[in-house]
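Everything numeric in this text was worked out from a predicted model, so none of it was measured.
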Amino acid sequence: GCERCQCRGEDKQTAILYTLLSQNLARRPAHRRCLCHRRRTVCLRSPHLTCQAASNVLGKTISFMKNLPSFRLLPREDQLLLLESCWVPLFLLGLVQEMVTFEVMETPAPSMLKKILLDGQSQQQEPEWTQPTLAAVQRLQCCLNSFWSLDLSPKEYAYLKGAILFNPDISGLRASLYIESLQQEAQRALQEVLQPEDQGRFARILLITSTLKSIPPALITDLFFRPVIGNADIVKLITEMLYE
């Protein structure tokens, strides 16, 4: 139901008004605000508190990598590949472990008068990143809720982080066989902390963990970090955190 925009016929008056007023904005194509529920863009309701909590989780995520001797022994090229590929699922797992919750609200519509008055002025003062959609944030919150339902123990969190970090399927790894052995070791340790009669839980944990990979890094960056870092490259920043 969210694939096709349903608001074209609902906003004709707004569209006409936009066309008339935006004649002074000729150098830029007119983009109307979509009114579809799931296509609406959203932002954090409490950005200061949520971004601070997210930054703390990100710091702990990078510290987890730095403090793993097996990670530090890897070639630097492999460390960077693992960091770029795995920081999002590790960060999300950190949100779950730290019980970080957040609310979003619809992104305020830009004022038409402001657009007209600022026409011709430098656009560098305006943020260039895109806002997340409501549908994308709802998928993220569904994923987090699934993890909270597992009620993982501290040991389960630790071993699961290792299984996520040491992903041998990343293209370009020099020590892929060694990384595969580290992943198997982490998964084996995770399985051993479970009771023999609860081995189905191990399968559920791995299944729900796989959903973390479906969350795009752009969504996490735009939602939790763009209000703080602006247009800076998040991967470059976390790389500096890793090697500082």
Side-chain angles (χ1 to χ4, degrees), residues 53-100 136 139-194 198-221 223-225 234-235 237-239 241-243:
S55 297
N56 292 338
V57 170
L58 183 62
K60 291 181 179 180
T61 300
I62 302 304
S63 294
F64 165 75
M65 298 184 191
K66 293 173 65 172
N67 294 328
L68 278 179
S70 52
F71 180 80
R72 295 200 305 268
L73 289 174
L74 292 172
R76 185 183 179 95
E77 295 86 346
D78 285 6
Q79 293 179 18
L80 293 174
L81 287 172
L82 292 176
L83 173 68
E84 184 172 359
S85 174
C86 302
W87 78 268
V88 168
L90 286 176
F91 167 77
L92 293 176
L93 196 59
L95 289 183
V96 176
Q97 187 173 15
E98 298 293 327
M99 300 295 292
V100 176
R139 286 194 296 269
L140 169 60
Q141 290 178 323
C142 180
C143 179
L144 297 179
N145 288 336
S146 297
F147 261 103
W148 277 315
S149 69
L150 290 173
D151 193 20
L152 299 177
S153 68
K155 285 187 176 181
E156 288 174 328
Y157 275 116
Y159 296 140
L160 185 55
K161 288 178 182 178
I164 292 174
L165 174 60
F166 297 115
N167 180 6
D169 298 325
I170 299 173
S171 177
L173 291 173
R174 295 173 54 188
S176 58
L177 292 179
Y178 176 58
I179 292 172
E180 182 178 13
S181 68
L182 292 174
Q183 185 184 65
Q184 291 174 348
E185 180 180 342
Q187 291 178 344
R188 185 164 52 249
L190 173 61
Q191 197 167 13
E192 288 176 355
V193 302
L194 302 174
D198 196 20
Q199 289 304 305
R201 177 176 171 82
F202 177 72
R204 290 197 303 274
I205 291 175
L206 294 185
L207 179 61
I208 296 178
T209 299
S210 66
T211 64
L212 295 178
K213 299 178 181 180
S214 68
I215 305 298
L219 169 63
I220 302 305
T221 304
L223 183 62
F224 295 111
F225 299 110
I234 185 67
V235 175
L237 293 178
I238 61 178
T239 300
M241 294 170 62
L242 182 64
Y243 294 113

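For the pair Asp78 (side chain) and Ala175 (backbone), a donor-acceptor distance under 3.5 Å is present. Although no hydrogens or angles enter the test, the distance criterion places a donor-acceptor pair under 3.5 Å between the side chain of Trp148 and the main chain of Val96. The backbone N or O of Leu81 lies less than 3.5 Å from no partner atom in the side chain of Ser85, so there is not a single donor-acceptor pair. Between the side chain of Arg174 and the backbone N or O of Arg76 there is no donor-acceptor pair closer than 3.5 Å. Gln187 places no side-chain N or O within 3.5 Å of a backbone atom of Ala163 that could act as its donor or acceptor partner. Side chain of Gln183 to main chain of Pro168: no donor-acceptor pair is present (N/O by atom type, distance under 3.5 Å, no hydrogens or angles). Between the side chain of Gln79 and the main chain of Arg72, a donor-acceptor pair closer than 3.5 Å is present.
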Exercise answer: donor-acceptor pairs, residues 210-217 side-chain atoms, under 3.5 Å, sequence neighbours excluded:
residue, atom, partner, partner atom, Å
Ser210, OG, Leu207, O, 2.4
Thr211, OG1, Ile208, O, 2.4
Ser214, OG, Thr211, O, 2.6

- Query: Are Ile179 and Ile170 close enough, and set up right, to give a side-chain contact (heavy atoms from CB on, under 4.5 Å), and what steps lead you there?
  - Reply: CA-CA 10 Å; Ile179 292 172; Ile170 299 173; over 6 Å; no
- Query: When you look at Trp87 and Leu82, which way does the side-chain contact (heavy atoms from CB on, under 4.5 Å) test go after all the steps?
  - Reply: CA-CA 8 Å; Trp87 78 268; Leu82 292 176; over 6 Å; no
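Rounding to the nearest 0.5 Å places CD of Glu98 at 8.5 Å from CG of Asn56. In this structure, CG on Leu160 lies 7.0 Å from CD1 on Ile205, to the nearest 0.5 angstrom. Phe91 contributes atom CZ, which lies 12.0 Å from atom NZ of Lys60 (distance to the nearest 0.5 angstrom). Separation of atoms CD (Glu185) and CZ (Phe166) is listed at 9.0 Å; rounding is to 0.5 Å. Atom CG in Asn67 sits 11.5 Å away from atom CE in Met65 (nearest 0.5 Å).
Using a 4.5 Å heavy-atom threshold, the side chains of Tyr178 and Ser70 count as touching. Considering only heavy atoms from C-beta on, Glu156 comes within 4.5 Å of Leu190 through its side chain. A 4.5 Å side-chain heavy-atom check between Leu242 and Phe71 finds at least one atom pair inside the cut-off. Counting heavy atoms from C-beta on, the side chains of Phe224 and Leu219 never come closer than 4.5 Å. At a threshold of 4.5 Å between non-hydrogen side-chain atoms, the residues Thr209 and Ile164 count as touching.
Remark: the Lys161 side chain and the Gln97 side chain contain an N/O donor-acceptor pair separated by less than 3.5 Å.
Screening Val100, Leu140, Thr61, Val57 for a side-chain contact (heavy atoms from CB on, under 4.5 Å) with Leu92, the sole residue that qualifies is Leu140. Among Leu74, Leu73, Leu165, Leu182, the single residue meeting the side-chain contact (heavy atoms from CB on, under 4.5 Å) criterion with Leu68 is Leu165.
For Glu84, the side chain to side chain contact (heavy atoms under 4.5 Å, CB included) test picks out Val235, with sequence neighbours left out. In this structure, the side chain to side chain contact (heavy atoms under 4.5 Å, CB included) partners of Lys155, at least two apart in sequence or on a different chain, are Ser153, Tyr159, Val193.
Checked against the 6.0 Å centroid threshold, Tyr157 and Phe64 do not count as a close aromatic pair.
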